[in-house]
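The structure appears below as structure tokens.
What you see below is based on every heavy atom in this structure, not just the backbone, and it leaves out hydrogens, waters and symmetry mates. Order of the sequence lines fixes the chain letters, A, B, ..., with proteins taken first and strands second; residue numbering starts at 1 for each chain. No experiment lies behind these values; they were computed from the predicted model shown.
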There are 2 protein chains.
Amino acid sequence: MAISFTEENYLKVIHRLSEATQEDISTNAVAEQMQTKAASVTDMLRKLADKGWVNYQKYQGVRLSPTGEKIALSIVRKHRLWELFLVEKMGFNWDEVHDIAEQLEHIESDELVNKLDEYLGFPKTDPHGDPIPNKDGILPELAYSQLSEIKANKTCKLMGVAQDSTVFLQLLTKLNLSLGAKLDIQEINEFDRSIFVSINDAAPIFISHEVAKNILVKS
Amino acid sequence: MAISFTEENYLKVIHRLSEATQEDISTNAVAEQMQTKAASVTDMLRKLADKGWVNYQKYQGVRLSPTGEKIALSIVRKHRLWELFLVEKMGFNWDEVHDIAEQLEHIESDELVNKLDEYLGFPKTDPHGDPIPNKDGILPELAYSQLSEIKANKTCKLMGVAQDSTVFLQLLTKLNLSLGAKLDIQEINEFDRSIFVSINDAAPIFISHEVAKNILVKS
DNA sequence: AATATTTTTTAGATTAACCTAAAAATTTAA
DNA sequence: TTAAATTTTTAGGTTAATCTAAAAAATATT
């Protein structure tokens, strides 16, 4: 069945919100993510339900149906493959690729996506460490922790970020934090939960709890 | 000023039609190319004229303004660069890339286009031999002839095609005709103007005048 | 030159995606 | 457990791009 860019974006947003919770997703939550009004969301949810891509009962919130889930994962797959392409092959920085990938993710050609996947060497993660679904929509298991959960005196490796916003990524770049960085946690301050950490064996610096929550690491 | 996919497609079509003639482009000609109705075209032409991208007086046909020309060339540039990318890097055949490039040509990022250009080695032509405008919108001069205009007993080289339709390109592929092929014209039949030609020194075959008109060669 | 034909435009609708304002349902709090 | 606050939906409009049918202009033909 034909699908519009807008419908794809709604499915993607519902998918993203569903990853964080087991509960049904509220109209307002979707509205906020879509940068639109609740009334518009209600219209669209009814339409997506008619097409069989979501389960929606009014006032009860929304969930993706199995078909909707499959569509959403294929968009996520495209987004992340294109992001990696932009960084690896086109020479963009990791904080520059989101908006372009938002456009490229709507290009419709299974053959292209699979060739791109092959061209990139069937990667498991994108430039932000997010897992890339394979052609069957299976997400590789990554099991990373937030840096904010690691104990003092432990060493870990930066594997990904929980947020792709430009400001956040640029901050990390400024701190010399990129994928694969080695992190030695010297101390955690009780007062504000900020972390005193050495990056790639350099002189230790302070990182706020807010930043640490958005950094994903492997011990 | 913001531009929609549809508006881009209209400018592209007007540009293509303008290449073949000096005259103003008729509403019906645009309608045919856009696969829509004349009434819809009239509406759009008025809108494009309001935006300053075309010169249009009702009943008089339409031409691109300098700004419109610039936009159209940037779309052509993107289309052709993406086509080359699809063939060179993704391994598609030249008859498979048109529809995907029709989507990719609307991706908006000057930086991406220029990086893609560089990645491909600042190519002069796309997989069909069509010239690629550079970043300033300048088209390289190619000056090719139609195979149908070449005299008997001459040798030439296949440099491009005047048509990108799948059926045509697949026919050429079947005849072992691809960019760079060496063509020895043995004989031109007066009756139907078909050409008896040897391709890459193989045993000569017949090519219809219709096909020969759409093959571009360099002596 | 008058008429017929073709082309183009206008008028009035339709659809997708959005909006605001008001009504209805649900949730929270007194 | 009723009232207040919040969330969600409905109702009624808007805009972009399309359509059909009819009117107007341009072109071709007798």
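- Between B/G61 and A/S4, it is B/G61 whose nearest contact on DNA chain C lies nearer the 5' terminus.
- Here D/dT10 presents its P atom at 11 Å from CG of A/L45, a figure rounded to the nearest Å.
- B/V97 places a side-chain heavy atom less than 4.5 Å from the side chain of B/H128.
- One finds a side-chain N or O of A/T42 lying less than 4.0 angstrom from the OP1 or OP2 phosphate oxygen of D/dT9.
- Rounded to whole angstrom, the span from the CZ atom of B/R46 across to the C1' atom of C/dT8 amounts to 12 Å.
- A/M44 places its CE atom 5 Å from the P atom of C/dC18, with the value rounded to the nearest Å.
- Residue A/F5 is classed as having no contact, given no heavy-atom separation below 4.0 Å to the nucleic acid.
- Taking atom CD on B/Q60 and atom C1' on C/dT7, their separation rounds to 12 Å, with Å as the unit.
- Neither OP1 nor OP2 of D/dA16 sits under 4.0 Å from any side-chain N or O of B/Y10.
- Here the rule is side chain to side chain donor-acceptor pair (under 3.5 Å) with A/K12, and of A/H79, A/E102, A/H106 only A/E102 fits it.
- Residues A/V211 and A/I195 have side chains not in contact (no heavy-atom distance under 4.5 Å, counting atoms from C-beta outward).
- Listed nucleotides: C/dT10, D/dT9, C/dC18. Nearest to the side chain of A/D43: C/dC18.
- Taking side-chain N and O atoms only, B/T27 has a distance below 4.0 Å to OP1 or OP2 of C/dT9.
- Dashed line: the shortest gap from a side-chain N or O of A/K58 to OP1 or OP2 of D/dT10 is under 4.0 Å.
- Straight-line distance from the CG atom of B/N28 to the P atom of C/dT5: 18 Å, rounded to whole Å.
- Figure legend: cation-pi geometry between A/K89 and A/Y119, with NZ or CZ positioned under 6.0 Å from the six-membered ring centre and within 45° of its axis.
- Taking atom CD of residue A/Q57 and atom P of nucleotide C/dT26, one finds them 12 Å apart after rounding to whole Å.
- Within the nucleic acid shown, A/T6 comes within 4.0 Å of sugar-phosphate atoms alone, with no base atom in reach, counting heavy atoms only.
- To the nearest angstrom, C1' of C/dT8 lies 16 Å from CD1 of B/I25.
- Between the CD atom of A/E23 and the P atom of C/dT27 there is a distance of 11 Å, rounded to whole Å.
- Between C/dC18, D/dT18, D/dT10, one nucleotide has an atom nearer to the side chain of A/T36 than all others, and that is C/dC18.
- Residue B/K37 places no side-chain N or O under 4.0 Å from the OP1 or OP2 atom of D/dT18.
- B/D110 has no carboxylate O lying under 4.0 Å from a charged side-chain N of B/K135, or vice versa, which leaves the two without a salt bridge.
- Closest-nucleotide positions on DNA chain C for A/Y59 and A/A39 were compared, and the one nearer the 5' end corresponds to A/A39.
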